[in-house]
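Atoms within a ligand are numbered from 1 in the order they appear, just like the ligands themselves.
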Amino acid sequence: MSIPGADDPVDGHGARPPRVVIIGSGFAGFHTAKSLARRMRGAVEIVVVSPTNYFLYLPLLPEVAGGILEPRRIAVALSDALPSCVRHAPGEVDDIDLDGREIGWLDPEGVQHRMSYDRLVLTAGSVHKVMPVPGINQYAVGFRGVPEALYLRDHLIRQIDLAAMCDDPRERAARCTFVVVGAGYTGTEVAAQGQLFTRALARSRGLDPDEMRWVLVSRGEVLAGLDAHLSRTADAVLRKRGLEVHTHETMEEATEEGVLLSSGERLPTRTLLWCVGVRADPLIESLDIAVDGGRVVVHETLQVPGRPELYACGDAAAVPDPSRPGEYTAMTAQHAVRQGALAGRNLAASLGHGSARPYRHRDLGFVVDLGGFHAAAAPLHVPLTGLPAKVVTRAYHLAAMPGNRLRTAADWALEAVQPRQSAQLGLVRSPAVPLDTASPEVPQHHLGFPHASGPN
Ligand SMILES: Cc1cc2nc3c(=O)[nH]c(=O)nc-3n(C[C@H](O)[C@H](O)[C@H](O)COP(=O)(O)OP(=O)(O)OC[C@H]3O[C@@H](n4cnc5c(N)ncnc54)[C@H](O)[C@@H]3O)c2cc1C
């Protein structure tokens, strides 16, 4: 498939309306397209280039791995949620000619395309931050998309199925031990949801749920850097539930047998999840523009210095944080949404519609779902725990999702009255979820614990 007219020569300001190309359909890209389309009312051509034809609501991804939500609930089709004037070019941008104002993109069938632009928006998000820890590329999996969530869900089911049939107590203990490194919201929520899921699976397979050992390893506190109330609550809930929380510790090595912690403790395991931070998408590094910590440096209007036709926001951009002078905004969905909306406004202004504004924000607080009846929330910095926090958390997510709300709410309602589904479909093989997407030299057939890969 190709975008009609996308490969046409362009005269910049000829008969056709200006073309705005947005790289990425995540929080920032999606909201840029939505805001721009609303303001321009057809007086612009908007093309979103993205490998997926959906917007992924990442905060609920742990619930997919935990068997609560089906993946399509949090994957909202762009064609359903964006105005019809926004077109989707399925593929990945692999070349940007800033001087020639042209991008190159590869579609899913391997066909290369080129497309000119009048304005370009860099919203390619972020990728895993991989540290030089021996063995992680071979034995750890990350958690950033639908393939990882489906892989993990199947992997957890497989470990419990195999543990239930295993006579060797050491192997059984390893299969029932799950190690998560990194206690940001990804690691914390995956561990919280995963533990409840494996306990439910254990019960259904005749195993003792207390045999399920979840270990959360973190250099800092749980949810460090977010609200202090959230951090304390999450830590207390997880420990009370039997999760082993190892703060101020690191993982030193991963081997076929398990992992070694900085305390010297060795944990035999078949499951290692790497949730240690993110860095801006490597596409950014290939450009001849100023970056800071891998993120594109932008003015507070989200424009790239010296390139007024180029905008960046979300995780990929180093946006000055007005509430913390000298620092950049954190890599969060909240910022990405608001920056996307502002990018749409400022792009429209640059095309003669309305006026531009600098990035300003008011922190609305955070919510963290810890599974079951537990959550920690601080809406507008009012600390909540337990059921009230759970209600606020779910209401927040439903309000923030751009679609599929009813289906998501229906899954939640079903979860309350039905056991989680535990069929292992095995559709995603471990080579499909490499941790280091920027390192093609990683031997793919070694990814994941060999014992864990099985026939899938
Ligand atoms: C599991 C998980 C849970 C999270 N939970 C929370 C939470 O509870 N609260 C919170 O505030 N934040 C949370 N975050 C962080 C939040 O999701 C990110 O800050 C947010 O997604 C950033 O938005 P973005 O648009 O910059 O990037 P993304 O949402 O990552 O979108 C990037 C887009 O760019 C596309 N792309 C990448 N490279 C290319 C290319 N070369 N060509 C074309 N397209 C490309 C991607 O496919 C994707 O569509 C979570 C993150 C994860 C992974």
Side-chain angles (χ1 to χ4, degrees), residues 21-33 47-66 74-76 78 88-96 103-108 120-129 142-149 152 180 182 184-191 193 223 225-227 230 273-275 277-287 295-296 312-317 319 329-340 343 363-370 375-377 393 396-397 400 437-438:
V21 173
I22 300 170
I23 302 178
S25 61
F27 284 88
F30 179 90
H31 286 278
T32 302
V47 182
V48 176
V49 189
S50 169
T52 61
N53 77 341
Y54 56 80
F55 159 85
L56 185 63
Y57 190 74
L58 277 165
L60 290 180
L61 198 62
E63 299 203 17
V64 173
I74 63 165
V76 180
L78 299 177
H88 170 232
E92 253 181 77
V93 173
D94 54 7
D95 179 45
I96 301 177
I103 61 155
W105 56 284
L106 189 68
D107 78 18
L120 181 67
V121 191
L122 301 171
T123 50
S126 51
V127 295
H128 294 118
K129 192 193 277 179
F143 198 77
R144 282 211 64 78
V146 170
E148 282 103 332
L152 180 62
V180 180
Y185 32 68
T186 304
T188 302
E189 289 187 331
V190 170
Q193 298 287 355
L223 298 177
L226 296 187
D227 184 286
L230 255 63
L273 274 164
W274 183 257
C275 304
V278 291
R279 64 187 176 89
D281 193 281
L283 177 70
I284 304 304
E285 291 162 11
S286 64
L287 301 175
R295 301 168 86 187
V296 184
C313 59
D315 284 4
V319 181
T329 54
M331 289 173 161
T332 66
Q334 214 179 98
H335 281 300
V337 168
R338 292 161 177 196
Q339 290 169 7
D363 186 0
L364 296 178
F366 280 93
V367 294
V368 178
D369 197 313
L370 299 168
T393 301
Y396 173 85
H397 287 315
T437 42

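- Between Phe30 and Phe55, the ring planes lie tilted relative to each other; the angle falls in the 30° to 60° range.
- The protein heavy atom nearest to atom 18 (C) of ligand 1 is Asp315 OD2, 3.5 Å.
- Below 4.0 Å from some heavy atom of Asp281 lie the following atoms of ligand 1, by number and element: 37 (C), 38 (N).
- Closest to atom 31 (O) of ligand 1 among all protein heavy atoms lies Gly26 CA, 3.2 Å.
- Atoms of ligand 1 found under 4.0 Å from any heavy atom of Met331, numbered from 1 in the order shown, are 19 (O).
- Given atom 2 (C) of ligand 1, the protein heavy atom at minimum distance is Thr186 OG1, 3.4 Å.
- Atom 34 (O) of ligand 1 has as its closest protein heavy atom Gly24 CA, 3.2 Å.
- Of all the heavy atoms of Tyr185, the ones lying under 4.0 Å from any atom of ligand 1 belong exclusively to the side chain.
- Nearest approach of Thr393 to Ala376, heavy atoms of both residues: OG1-O, 4.3 Å.
- Within the 3.5 Å criterion, the main-chain N or O of Leu283 finds a donor-acceptor partner in the side chain of Ser286.
- Counting only heavy atoms from C-beta outward, the side chains of Ile96 and Ile23 approach each other to under 4.5 Å.
- Heavy-atom contacts of Gln334 reach the following atoms of ligand 1: 11 (O) (cutoff under 4.0 Å).
- Within ligand 1, counting atoms from 1 as listed, the ones closer than 4.0 Å to a heavy atom of Thr123 are 32 (C), 33 (C), 34 (O).
- Atoms of ligand 1 lying under 4.0 Å from any heavy atom of Ile23, numbered from 1 in the order shown and given with element: 42 (N), 43 (C), 44 (N).
- Polar contact with ligand 1: present for Ala28 (N/O pair, distance under 3.5 Å).
- Nearest to atom 30 (O) of ligand 1 among the protein's heavy atoms is Arg144 NH2, 3.7 Å.
- With rounding to the nearest 0.5 angstrom, the CD atom of Gln339 is 8.0 Å from the OG1 atom of Thr332.
- Under the 30°/60° scheme for interplanar angles, the aromatic rings of Tyr57 and Phe27 are found to be tilted.
- How far CG of Leu61 is from CD1 of Ile74: 4.5 Å, rounded to the nearest 0.5 Å.
- Atoms of ligand 1 found under 4.0 Å from any heavy atom of Val49 (numbered from 1 in listed order, with element): 43 (C), 44 (N).
- At the top of the distance list for atom 21 (O) of ligand 1, counting protein heavy atoms only, stands Phe27 CD1, 3.2 Å.
- For the residues Pro51, Ala336, Pro90, the heavy atom positioned nearest atom 46 (C) of ligand 1 is part of Pro51.
- Once rounded to the nearest 0.5 Å, the distance linking CG of Asp363 with CG of Leu226 reads 9.5 Å.
- Note that OG1 of Thr123 is 11.5 Å distant from NE2 of His31, once rounded to the nearest 0.5 Å.
- Looking at ligand 1, you won't find any N or O of Ser126 less than 3.5 Å from one of its N or O atoms.
- When non-hydrogen atoms are compared, ligand 1 lies under 4.0 Å from neither the backbone nor the side chain of Phe55.
- The closest donor-acceptor contact from the side chain of His335 to the backbone of Asp315 lies at 3.5 Å or more, if one exists at all.
- Regarding atom 37 (C) of ligand 1, its nearest protein heavy-atom neighbour is Ala124 O, 3.2 Å.
- Of the candidates Ser25, Cys313, Pro59, the one placing a heavy atom closest to atom 7 (C) of ligand 1 is Pro59.
- A donor-acceptor pair is defined here as one N or O able to donate and one able to accept, closer than 3.5 Å; no such pair exists between the side chain of Trp274 and the backbone of Gly182.
- Atoms of ligand 1 lying under 4.0 Å from any heavy atom of Gly314, numbered from 1 in the order shown and given with element: 26 (O).
- Rounding to the nearest 0.5 angstrom, the gap separating the NE2 atom in His128 from the CZ atom in Arg279 is 10.5 Å.
- For atom 10 (C) of ligand 1, the closest heavy atom belonging to the protein is Ala333 N, 3.4 Å.
- A distance-only check finds a donor-acceptor pair linking the side chain of Glu189 to the backbone of Asp369 [under 3.5 Å].
- When the heavy atoms of Thr52, Leu58, Thr329 are ranked by distance to atom 17 (O) of ligand 1, first place goes to Leu58.
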